[in-house]
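Positions are given from 1, in the same order as the sequence printed here.
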Amino acid sequence: MLTVTENAQAVVKGLTSDNASPTAGLRIARDQDQLAVRVVAEPQPSDVVVDAGEARVYLAEDTAPTLEDQTLDATQTPEGIGFTLAGRS
């Protein structure tokens, strides 16, 4: 299962705190040959819910196996917040 760092949890929580929906979270899904990251009001019925503390992270069903051994982190970049994935060793 995808692991979410404390830093990424804080960023996700910050991104979703203004959303009126209590199920708002970050959704990761395939978009052609890339992964798309979006803030959503709720997960899709087939999404996999990741245990990420108080932050909500959802994986599209077809994306979850690809991210099984990955860690999601967040960092500040010149363009804003950026998410990174790294394999766990």
Where [X] and [Y] come nearest, the two heavy atoms and their spacing:
X: L72; Y: A8; answer: O-CB, 3.5 Å
X: T5; Y: A74; answer: OG1-N, 4.4 Å
X: S17; Y: G14; answer: OG-O, 3.1 Å

**Item:** Residue among D51, L67, T63 satisfying side chain to side chain contact (heavy atoms under 4.5 Å, CB included) with L2
**Value:** L67
**Sequence-distant partners of T71, side chain to side chain donor-acceptor pair (under 3.5 Å), two or more places apart** = none
**Item:** Listed partners of T23 passing side chain to side chain donor-acceptor pair (under 3.5 Å), at least two apart
**Value:** S21
**Request:** Please round to the nearest 0.5 Å and tell me the distance separating atom CG of N7 and atom CD of Q76.
**Result:** 10.0 Å
**Asked** Is V49 isolated, or which residues cluster with it under the ILVMFWY side-chain rule of less than 4.5 Å, directly or via members?
**Response** V40, Y58
**Message:** According to side-chain contact (heavy atoms from CB on, under 4.5 Å), who are the partners of S46, at least two apart in sequence or on a separate chain?
**Reply:** E61
**With V48 via side-chain contact (heavy atoms from CB on, under 4.5 Å) - residues at least two apart** = M1, L59, A64
**Message:** I'd like to know if the side chain of Q70 reaches the main chain of T3, judged simply by a donor and an acceptor atom lying under 3.5 Å from each other, with no hydrogens or angles considered.
**Reply:** no
**Request:** Taking R56 for its side chain and P22 for its backbone only, find out whether a donor-acceptor pair lies under 3.5 Å.
**Result:** yes
**Message:** What verdict does the side chain to side chain contact (heavy atoms under 4.5 Å, CB included) test give for F83 and T75, after you've listed the backbone C-alpha separation in whole Å, the side-chain angles of each residue and the deciding distance to 0.1 Å?
**Reply:** CA-CA 6 Å; F83 288 97; T75 57; over 6 Å; no
**Complete:** Those residues at least two apart in sequence (or on a different chain) that pass salt bridge (charged side-chain N to carboxylate O under 4.0 Å, His left out) with E54 are K13
**Request:** Using the test salt bridge (charged side-chain N to carboxylate O under 4.0 Å, His left out), find all partners of D69 that sit at least two apart in sequence or belong to another chain.
**Result:** R88
Give the table of side-chain donor-acceptor pairs shorter than 3.5 Å for residues 25-37, with sequence neighbours excluded, one pair per line with atom names and distance.
from: R27; atom 1: NE; to: D47; atom 2: OD1; distance (Å): 3.2
from: R27; atom 1: NE; to: D47; atom 2: OD2; distance (Å): 2.7
from: R27; atom 1: NH2; to: D47; atom 2: OD1; distance (Å): 2.9
from: R30; atom 1: NH2; to: T66; atom 2: OG1; distance (Å): 2.5

**Item:** Residue pairs involving residues 71-86 (criterion salt bridge (charged side-chain N to carboxylate O under 4.0 Å, His left out); sequence neighbours excluded)
**Value:** none
